[in-house]
Amino acid sequence: MDVMEAIKTRRSVRKFEDKPVEKEKIDLLLRAAMQAPSAHNEQPWEFIVVENKETLEKLSEADKYTTAMKNGTLAIVCVTDEKYFFSNTNIWMQDLSAASENILLEAVELGLGATWIAITPLEDRMAYIKDLFQLPDGVIAFNMIIIGYPAKVKGFEDRFKPERVHYEQW
């Protein structure tokens, strides 16, 4: 599969087969994440891999919009640690976004489905995840990605809107 095909095929998946994701595929997802570009090459990411059903259930209870977490067989929680910040900016959010998108695209390549669920900047979710994983001070949960074998594959939807493209000026 080429990159554009993965981009066109990627959809948010919230219902999964009851089939675990193989360790080799988890490794490939994490390797894809860590190949993301990052400002000043800070690479400010760390990841919490969750396969335990009870923990997935607890993740689903973060708030009313996180219930899909209990449907997957794998979650990757993307976090950062302030010790990686060499510059005094919030650019780490862009870095973790790039890493997360790499996970989503690699999931497509591997025949998996996934959904990105925001944590930062939602303070209630941030506090819930910090407490659940007992994150030390300075470690910030950015998002969580639920992953698994999709119960149903969604078709391509062309989202291109030429009226939103501006050349040289607004």
Side-chain angles (χ1 to χ4, degrees), residues 1-39 41-53 55-80 91-122 125 129 140-167:
M1 176 180 303
D2 67 19
V3 174
M4 197 61 193
E5 187 63 27
I7 291 169
K8 288 179 179 179
T9 307
R10 192 220 57 80
R11 291 287 171 271
S12 293
V13 176
R14 293 176 179 83
K15 293 190 188 289
F16 303 92
E17 294 178 4
D18 187 21
K19 176 181 175 184
V21 176
E22 298 87 347
K23 299 289 184 205
E24 303 81 33
K25 290 186 177 184
I26 296 170
D27 184 59
L28 291 169
L29 292 165
L30 295 168
R31 287 177 175 279
M34 292 185 205
Q35 286 302 126
S38 69
N41 201 28
E42 288 181 358
Q43 303 175 34
W45 41 67
E46 292 199 24
F47 305 93
I48 302 170
V49 177
V50 179
E51 297 175 276
N52 180 284
K53 277 294 195 188
T55 308
L56 290 168
E57 182 73 33
K58 288 178 184 172
L59 286 173
S60 79
E61 297 167 1
D63 79 18
K64 66 181 179 179
Y65 298 107
T66 63
T67 58
M69 295 303 291
K70 66 182 171 193
N71 298 324
T73 56
L74 171 69
I76 297 176
V77 181
C78 303
V79 302
T80 190
I91 206 79
W92 63 268
M93 289 186 234
Q94 293 182 33
D95 296 344
L96 268 71
S97 292
S100 297
E101 183 67 9
N102 280 8
I103 290 171
L104 296 174
L105 293 174
E106 182 66 8
V108 171
E109 172 70 20
L110 298 173
L112 301 168
T115 295
W116 172 328
I117 298 175
I119 298 173
T120 294
L122 306 169
R125 289 187 194 179
I129 299 301
I140 305 163
F142 177 65
N143 69 357
M144 49 190 173
I145 302 171
I146 187 67
I147 303 166
Y149 286 92
K152 180 175 129 179
V153 177
K154 297 179 183 179
F156 172 69
E157 174 188 329
D158 191 350
R159 296 179 178 178
F160 183 72
K161 294 178 175 76
E163 68 275 9
R164 293 189 183 191
V165 178
H166 308 276
Y167 290 93

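Computed from a predicted structure; not experimentally measured.
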Under 6.0 Å from the OH atom of Y65, do we count more than 12 heavy atoms belonging to anything else shown?
->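 At most 12 heavy atoms, drawn from other residues, nucleotides or ligands, come within 6.0 Å of this atom.
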Residue Q94 excluded, over 12 heavy atoms near CD under 6.0 Å |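 At most 12 heavy atoms, drawn from other residues, nucleotides or ligands, come within 6.0 Å of this atom.
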Checking I76, N143, D95 against S100 for side-chain contact (heavy atoms from CB on, under 4.5 Å), the one that qualifies is N143
Residue pairs, two or more places apart or on separate chains, that pass salt bridge (charged side-chain N to carboxylate O under 4.0 Å, His left out) and touch residues 148-159 = E157-R159
Taking the six-membered ring for Trp and the full ring for Phe, Tyr or His, determine whether the centres of F142 and W45 are under 6.0 Å apart.
->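 So the answer is no for these two rings.
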Looking only at heavy atoms, which two atoms of [X] and [Y] are closest? And how far apart?
{"X": "E17", "Y": "T73", "result": "O-CG2, 3.9 Å"}
{"X": "I103", "Y": "A33", "result": "CG1-CB, 3.6 Å"}
{"X": "P150", "Y": "G113", "result": "CD-N, 3.5 Å"}
{"X": "K70", "Y": "K53", "result": "O-NZ, 3.8 Å"}
{"X": "A32", "Y": "E106", "result": "CB-CB, 3.7 Å"}
{"X": "L105", "Y": "R10", "result": "CD2-CB, 4.4 Å"}

Counterpart residues, salt bridge (Lys or Arg N to Asp or Glu O under 4.0 Å), relative to K23 (two or more places apart) | E51
Salt bridge (Lys or Arg N to Asp or Glu O under 4.0 Å) partners for R125, two or more places apart =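 Per chain and number, R125 pairs via salt bridge (Lys or Arg N to Asp or Glu O under 4.0 Å) with D63.
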For residues [X] and [Y], determine if any side-chain heavy atom of one lies less than 4.5 Å from a side-chain heavy atom of the other.
{"X": "L59", "Y": "I129", "value": "yes"}
{"X": "I119", "Y": "V77", "value": "yes"}
{"X": "T120", "Y": "L96", "value": "no"}
{"X": "L104", "Y": "E101", "value": "yes"}
{"X": "Y149", "Y": "L112", "value": "yes"}

Let me see the working for D27 and E24 under side chain to side chain contact (heavy atoms under 4.5 Å, CB included), right down to the final yes or no.
-> CA-CA 5 Å; D27 184 59; E24 303 81 33; 5.7 Å; no
Between Q35 and R31, is a side chain to side chain contact (heavy atoms under 4.5 Å, CB included) present by the stated rule, with each step listed?
-> CA-CA 6 Å; Q35 286 302 126; R31 287 177 175 279; 5.7 Å; no
Hey, what do you get for [atom1] ([X]) to [atom2] ([Y]), rounding to the nearest 0.5 Å?
{"X": "L74", "Y": "L29", "atom1": "CG", "atom2": "CG", "value": "7.0 Å"}
{"X": "R11", "Y": "R14", "atom1": "CZ", "atom2": "CZ", "value": "12.0 Å"}
{"X": "I146", "Y": "N71", "atom1": "CD1", "atom2": "CG", "value": "7.5 Å"}
{"X": "K25", "Y": "L30", "atom1": "NZ", "atom2": "CG", "value": "14.5 Å"}
{"X": "T80", "Y": "M93", "atom1": "OG1", "atom2": "CE", "value": "10.0 Å"}
{"X": "I117", "Y": "C78", "atom1": "CD1", "atom2": "SG", "value": "11.5 Å"}

State which residues pass side-chain hydrogen bond (donor to acceptor under 3.5 Å, both in side chains) with D2; sequence neighbours excluded, sorted by chain then number.
->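 With sequence neighbours excluded, D2 shows a side-chain hydrogen bond (donor to acceptor under 3.5 Å, both in side chains) to no residue whatsoever.
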Who passes ring-ring contact (aromatic ring centres under 6.0 Å, His included) against F16, sequence neighbours left out?
->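 Counting only residues at least two positions away or on another chain, F16 forms no ring-ring contact (aromatic ring centres under 6.0 Å, His included).
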Would you please name every residue forming a side-chain contact (heavy atoms from CB on, under 4.5 Å) with T55, sequence neighbours left out?
->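 Here the qualifying residues are V50, N52, F133.
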